[in-house]
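Here is the structure we will look at.
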Amino acid sequence: MASTDDDRRPKYQRIADSLRVAIQSGEYGPGDRLPGENELMAAHGVARMTARQALSVLKDEGLAESRKGAGVFVRAFRPLRRRGIQRLAQEQWGSGRSIWSADVENRTLVVDQVAVSEEEAEERIGAVLDLSAEDSVCVRRRRFVLDGKPVLLATSYLPTSVVAGSAITQEDTGPGGTYARLAELGYKPVHFREEIRSRMPTRDEADQLSISAGTPVILICRTAFADEGRPVEINEMTLDAASYILEYDFDA
């Protein structure tokens, strides 16, 4: 009897496939412990490394997570639905609400790392913000944690000449955040552009987002423009791909 394509696939991939099906069918629910290496070795007649690779596939896909000393469990974290258009509407930040409130519903969001500094603008940043060589930028670096899970790293760049002395240079920018403060300064954002791509994480990104090196990240670079097309902010975001659903809802 001729072998099928599935038969020719590495054993660890076939084991991962069977576990994935079991997760998707509900045999293993959120938070359930998956069979460990010893159990997989006995059930499938494979070496420990093969069993370990199978579990690593599920962890890299964001379906499972390791708990030190306890085993590998079905990931209980519910992906965040990022509503790319609604979250940036003026009625959102203009009324004092965080743009995150369009996404998180009643879940707990914490910004647990905030650093604000004035720095020399990198050439690529200066080019987009239309800065001269001697101009500096206000840099805001943050890490966002949802339901105890780090999901996003964000770095914003704003012209120092625009934001100097404002709440934007403080850790807490106040109700409505950066965009509400820009509006107060006379630079209300009226247009946004987002560019999206994906890659594997750097070691530092993997550590900060608490993901394995095999889990991809989504990169979103957003530029905010005030009247007459003036760029006033660049926000470079790194998202845990397994933690997000990107939703764009617009009329034809």
Side-chain angles (χ1 to χ4, degrees), residues 80 82-84 87-90 92-104 108-146 149-197 201-202 204-205 207-210 217-226 230-240 243-244:
L80 175 65
R82 183 183 187 272
R83 296 173 171 86
R87 69 199 311 272
L88 293 174
Q90 182 179 340
Q92 189 72 18
W93 48 266
S95 61
R97 297 194 300 270
S98 163
I99 62 175
W100 275 83
S101 63
D103 305 330
V104 299
T108 302
L109 176 73
V110 176
V111 184
D112 76 336
Q113 296 177 12
V114 182
V116 185
S117 59
E118 181 179 339
E119 302 178 14
E120 180 180 338
E122 298 177 35
E123 184 176 349
R124 63 185 179 83
I125 298 297
V128 176
L129 293 178
D130 195 23
L131 303 178
S132 59
E134 63 272 15
D135 288 335
S136 64
V137 287
C138 171
V139 183
R140 299 181 53 83
R141 296 182 174 89
R142 294 92 71 205
R143 183 174 79 160
F144 295 81
V145 180
L146 182 67
K149 167 73 176 71
V151 294
L152 169 71
L153 309 175
T155 303
S156 292
Y157 304 88
L158 304 101
T160 301
S161 60
V162 169
V163 304
S166 74
I168 293 173
T169 63
Q170 307 300 314
E171 290 189 5
D172 184 357
T173 56
T178 295
Y179 296 147
R181 303 291 81 75
L182 282 171
E184 293 168 356
L185 293 168
Y187 298 94
K188 180 178 71 175
V190 297
H191 180 73
F192 297 95
R193 180 181 66 223
E194 288 194 342
E195 300 173 350
I196 302 174
R197 58 193 178 95
T202 65
D204 181 61
E205 289 168 343
D207 288 344
Q208 289 197 69
L209 291 171
S210 299
V217 291
I218 299 170
L219 307 178
I220 300 179
C221 180
R222 180 172 68 235
T223 305
F225 299 87
R230 174 168 184 171
V232 290
E233 184 218 30
I234 298 172
N235 189 355
E236 296 184 329
M237 295 161 275
T238 303
L239 293 66
D240 169 14
S243 295
Y244 276 89

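In what follows, every heavy atom counts, from backbone to side chain, and hydrogens, waters and symmetry copies are set aside. Model, not experiment: these values are computed from the prediction.
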Set out, in order, the CA-CA distance, both residues' side-chain angles and the distance that settles side-chain contact (heavy atoms from CB on, under 4.5 Å) for V116 and C138, then state yes or no. CA-CA 7 Å; V116 185; C138 171; 3.9 Å; yes
Classify the ring geometry between W100 and F144 as parallel (under 30°), tilted (30 to 60°) or perpendicular (over 60°). parallel
Any Lys/Arg nitrogen of D130 or R230 sitting under 4.0 Å from an Asp/Glu carboxylate oxygen of the other? no
Using the side-chain hydrogen bond (donor to acceptor under 3.5 Å, both in side chains) criterion, which residues pair with Q208? Sequence neighbours excluded. D204
Are the side chains of E120 and D135 in contact, using a 4.5 Å heavy-atom criterion? no
Exactly one of R124, R222, R141, R197 clears salt bridge (charged side-chain N to carboxylate O under 4.0 Å, His left out) with E236, and that residue is R124
Would L129 and V137 count as a side-chain contact (heavy atoms from CB on, under 4.5 Å) here? Give the steps. CA-CA 9 Å; L129 293 178; V137 287; 4.0 Å; yes
To the nearest 0.5 Å, what is the distance between CG on L158 and CD1 on I168? 5.5 Å
Please report the closest heavy-atom contact between V151 and L209, naming both atoms and the distance. C-CD2, 3.6 Å
Side chains of L182 and E184 in contact at under 4.5 Å (non-hydrogen atoms): no
Considering all heavy atoms, the nearest A224-P189 contact: CB-CB, 4.4 Å
So do L239 and I220 actually touch side chain to side chain, heavy atoms under 4.5 Å? yes
Measure the shortest side-chain to side-chain distance between R87 and W93 over non-hydrogen atoms and say whether it is less than 4.5 angstrom. no
Donor-acceptor contact below 3.5 Å, side chain Q92 vs main chain A89: no
To check you understand the geometry: which heavy-atom pair defines the closest contact between S136 and E118, and what is its length? OG-OE2, 2.9 Å
Nearest heavy atoms of N235 and E233, plus distance in Å: CB-OE2, 3.8 Å
Are any non-hydrogen side-chain atoms of E171 and R142 less than 4.5 angstrom apart? no
Answer yes or no: is there a side-chain heavy-atom contact under 4.5 Å between T155 and V139? yes
Can you name the closest pair of heavy atoms from A164 and T169 and give their distance? CA-CG2, 4.4 Å
Kindly determine whether Y179 and F192 satisfy ring-ring contact (aromatic ring centres under 6.0 Å, His included), including the steps that lead there. CA-CA 11 Å; Y179 296 147; F192 297 95; 5.2 Å; yes
Heavy-atom distance under 4.5 Å between the side chains of V145 and L109, does that happen here? no
G84 versus L88, closest heavy-atom pair with distance: O-CD1, 3.8 Å
For E123, is the CD atom crowded, meaning more than 12 foreign heavy atoms sit under 6.0 Å from it? no
How far apart are the C-alpha atoms of D112 and R143, what are their side-chain angles, what is the distance that settles it, and do they pass the salt bridge (Lys or Arg N to Asp or Glu O under 4.0 Å) test? CA-CA 6 Å; D112 76 336; R143 183 174 79 160; 2.5 Å; yes
Tell me, do P175 and R181 make a side-chain contact under 4.5 Å, heavy atoms counted? yes
Could you give me the CA-CA distance, side-chain angles and deciding distance for K149 and S243, then say whether side-chain contact (heavy atoms from CB on, under 4.5 Å) is met? CA-CA 9 Å; K149 167 73 176 71; S243 295; 4.0 Å; yes
Where do Y244 and L152 land on the side-chain contact (heavy atoms from CB on, under 4.5 Å) test, with the steps shown first? CA-CA 10 Å; Y244 276 89; L152 169 71; 3.6 Å; yes
